[in-house]
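Here the structure is a predicted model, which is why all the values come from computation and not from measurement. Index from 1, following the sequence.
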Amino acid sequence: MDDSGYYIPALAMAIALAIKTPALLRSWHDPLQRSVCTLIALSGLVFFFAAPPTIAEVNRLTGISNVSAPLVYGLLSALSAACLVVIINWRGGPPEATRRVTRRWITGYGVVIVALVVLFVLGDAPVERLRDLDTYYANTPFIREMIVLYLVSLTVAGVAMDVMCWRWALEVRGWLRAGLLVIALGFLFNIPYSVTKFIAVIARWNGQDLDDLSTYVAPAMASAGMQLNALGFCLPPAGQRIGDLWSTWSTYRRLGPLWHELRPLAPPKDRAVRISWWSPAELQVTQRESDIHDGMLALYPYFDVEIRAGAYEAAVAAGSDPVQARAEADAAMVTAAVRARAADPEGRVISSATADDATPASGEAPRDLVRMSLALRQSPVVATAASFSVSGGPLNRGLFRPR
């Protein structure tokens with residue numbers, strides 16, 4: 001893996017952390033927010049400090065050959081603990097139990113990090129190795145134990161993460177399950193990474209040279225695993241956002257027939273704030289619903305409850321459930337009112353309506369605008385109301401009754 005293979009992911013993690021920082025500051029007391037930001041920061045630090053140019057620079061600045069080894073191994077151990085903590089807080093549960101398990105993992109990996117530093121101090125690694133320290137010092141006392149310790153700790157974290165993710169994935173569905181499976185797959189790479197490293201180290205113990213496994217194959221596996229982990233953690237919130245956006249635009253589109261039916265009756269477009277086509281989907285839906293309500297308010301004097309009752313009975317007789325039948329009846333009444341309004345260009349009905357006739361009753365149940373809109377396009381009951389001729393006044397109130 002060349003140097004860009006380290007720095008590009010590090011830069012991506014830095015950008016992700018910058019994006020998450022405002023949310024962290026607003027929700028500092030949220031353990032999940034803190035653990036996620038810690039995970040992102042540690043991921044970026046691992047990639048940055050594991051890059052050979054950074055290793056050389058750290059060694060030069062400190063004046064200690066290979067001091068980057070315990071630094072990188074410690075960061076990897078901290079990252080393993082952070083991943084476990086994120087999953088624990090993400091899944092939730094009783095707060096005290098969550099805190100207790102979290103403290104155990106943090107304490108355990110904290111001990112590992114301290115042990116890594118102690119073993120490095122006790123060992124002797126005078127020759128700087130930027131890429132192959134694991135195999136070069138595989139037979140050096142204390143450095144050998146440091147290498148084995150960090151590999152074992154990564155393997156334990158990978159197995160623990162896989163177990164937790166698989167168990168949780170069996171209990172959930174949708175984007176969360178997909179994200180957990182991707183995370184489990186990413187941490188599954190920890191096992192071949194450690195196995196590959198161990199094979200190369202053990203080969204050195206036996207006087208053989210399989211250094212390429214440790215120097216080139218293992219880092220590629222680690223990089224692939226970490227990128228899968230990042231994708232897995234991002235997938236559920238991103239998928240949820242995409243799903244919400246799709247649902248919002250779907251609602252906007254399904255409101256179209258009713259909006260087009262009532263748009264000519266809405267007040268003139270002299271709003272203080274005009275909605276642009278690039279405005280957020282939620283705002284577009286709110287504006288469309290507002291236009292529909294304005295149009296229905298203008299039609300209220302022309303609403304005929306008998307037509308609605310007849311349409312409801314016809315819809316039920318055609319097999320619609322009560323909720324759907326109510327939406328079809330409301331849509332039929334609106335269609336009839338639109339035609340009645342068109343047949344009354346001078347507004348005689350409006351001028352003769354009382355205040356009670358011109359405003360909805362306060363106790364009236366809210367109408368399902370989406371169902372009404374779909375009924376305008378699909379319901380035969382509404383089509384009957386739309387095609388019925390108007391002759392000088394409201395629609396025939398016996399429209400939906402048997403003849």
Side-chain angles (χ1 to χ4, degrees), residues 13 16-46 73-116 149-150 152-191 194 225-244 247:
M13 293 301 172
L17 183 62
I19 293 172
K20 291 287 292 182
T21 297
L24 174 64
L25 295 177
R26 290 193 302 268
S27 309
W28 177 252
H29 297 292
D30 183 356
L32 181 57
Q33 283 282 6
R34 293 201 305 270
S35 57
V36 167
C37 289
T38 301
L39 173 63
I40 294 172
L42 286 172
S43 298
L45 290 174
V46 165
Y73 297 161
L75 287 171
L76 282 170
S77 300
L79 178 62
S80 299
C83 291
L84 291 163
V85 169
V86 166
I87 289 294
I88 293 166
N89 284 286
W90 193 4
R91 184 167 187 176
E96 185 55 39
T98 300
R99 285 193 293 269
R100 183 171 60 254
V101 176
T102 297
R103 283 195 296 266
R104 287 176 181 174
W105 282 112
I106 292 175
T107 301
Y109 275 88
V111 171
V112 169
I113 292 171
V114 172
L116 290 172
L149 177 60
Y150 102 84
V152 169
S153 70
L154 289 184
T155 304
V156 169
V159 171
M161 284 291 292
D162 279 329
V163 170
M164 287 193 292
C165 289
W166 280 106
R167 286 180 176 175
W168 191 11
L170 294 175
E171 302 172 6
V172 295
R173 294 290 183 271
W175 288 107
L176 177 56
R177 185 176 192 178
L180 289 170
L181 293 177
V182 173
I183 293 171
L185 179 61
F187 272 92
L188 203 60
F189 276 80
N190 275 23
I191 298 174
S194 299
M226 292 184 71
Q227 291 179 54
L228 282 172
N229 292 338
L231 175 62
F233 281 113
C234 293
L235 195 57
Q240 183 64 45
R241 176 57 182 163
I242 292 171
D244 291 344
S247 177

Query - Nearest non-hydrogen partners of Ile87 and Cys165, listed with the distance - result: CD1-SG, 4.0 Å
**Report entry** Arg99, CZ atom: more than 12 neighbouring heavy atoms under 6.0 Å
**Finding:** yes
Query raised in the report: Should Leu154 and Phe187 be marked as a side chain to side chain contact (heavy atoms under 4.5 Å, CB included) after you check the CA-CA gap, both sets of side-chain angles, and the distance that decides it?
Result: CA-CA 9 Å; Leu154 289 184; Phe187 272 92; over 6 Å; no
**Report entry** Where Arg103 and Glu96 come nearest, the two heavy atoms and their spacing
**Finding:** NH2-OE2, 3.5 Å
**Report entry** Pairwise distance CH2(Trp175) to SG(Cys234) - rounded to 0.5 angstrom
**Finding:** 12.5 Å
Query raised in the report: Going from CG on Leu75 to OG on Ser43, what distance comes out if it is rounded to the nearest 0.5 angstrom?
Result: 10.5 Å
**Report entry** Validation row: Ile88, Met164 side chains within 4.5 angstrom (heavy atoms)
**Finding:** yes
Report summary line: Between Ser77 and Val112, the two heavy atoms sitting closest are OG-CG1, 3.8 Å
Requested in this report: Apply side chain to side chain contact (heavy atoms under 4.5 Å, CB included) to Phe233 and Val36, showing your working.
Outcome: CA-CA 9 Å; Phe233 281 113; Val36 167; over 6 Å; no
Report summary line: All heavy atoms of Ile183 vs all of Asn229, minimum pair found to be O-OD1, 3.2 Å
Requested in this report: Would you indicate whether the side-chain heavy atoms of Leu17 and Cys37 approach each other to under 4.5 Å?
Outcome: yes
Report summary line: CG (Leu188) and CE (Met161) are apart, to the nearest 0.5 Å, by 12.0 Å
Query raised in the report: Does the side chain of Met226 come within less than 4.5 Å of Val46's, by heavy atoms?
Result: yes
Report task. Please round to the nearest 0.5 Å and tell me the distance separating atom CG of Leu180 and atom CZ of Arg177. Result -> 9.5 Å
**Report entry** Pairwise side-chain contact, Val159 with Asn190, heavy-atom cut-off 4.5 Å (strictly under)
**Finding:** no
**Report entry** Residue pair Leu176 / Trp168, side-chain heavy-atom distance below 4.5 Å
**Finding:** yes
Report task. First locate atom CG of Leu84, then atom CG of Leu79, and finally report the distance between them rounded to the nearest 0.5 Å. Result -> 9.5 Å
Query raised in the report: Nearest heavy-atom pair of Gly179 and Leu235: which atoms, and what distance?
Result: N-CD2, 3.9 Å
Query raised in the report: With a 4.5 Å heavy-atom cut-off, do Thr98 and Pro31 have their side chains touching?
Result: no
Query raised in the report: Distance-only, no hydrogens or angles: does the Tyr109 side chain make a donor-acceptor pair with backbone N or O of Ser153 under 3.5 Å?
Result: yes
Report task. Would you mind reporting whether Trp166 and Leu181 have side-chain heavy atoms less than 4.5 Å apart? Result -> yes
Requested in this report: Of all the heavy-atom pairs spanning Val86 and Ser35, show the shortest one and how long it is.
Outcome: CG2-O, 3.3 Å
Report summary line: Separation between SG (Cys83) and CG (Leu39), nearest 0.5 Å, reads 4.5 Å
Report task. Return yes if some donor-acceptor pair links the side-chain N/O of Ser247 with the main-chain N/O of Gly243 below 3.5 Å, else return no. Result -> no
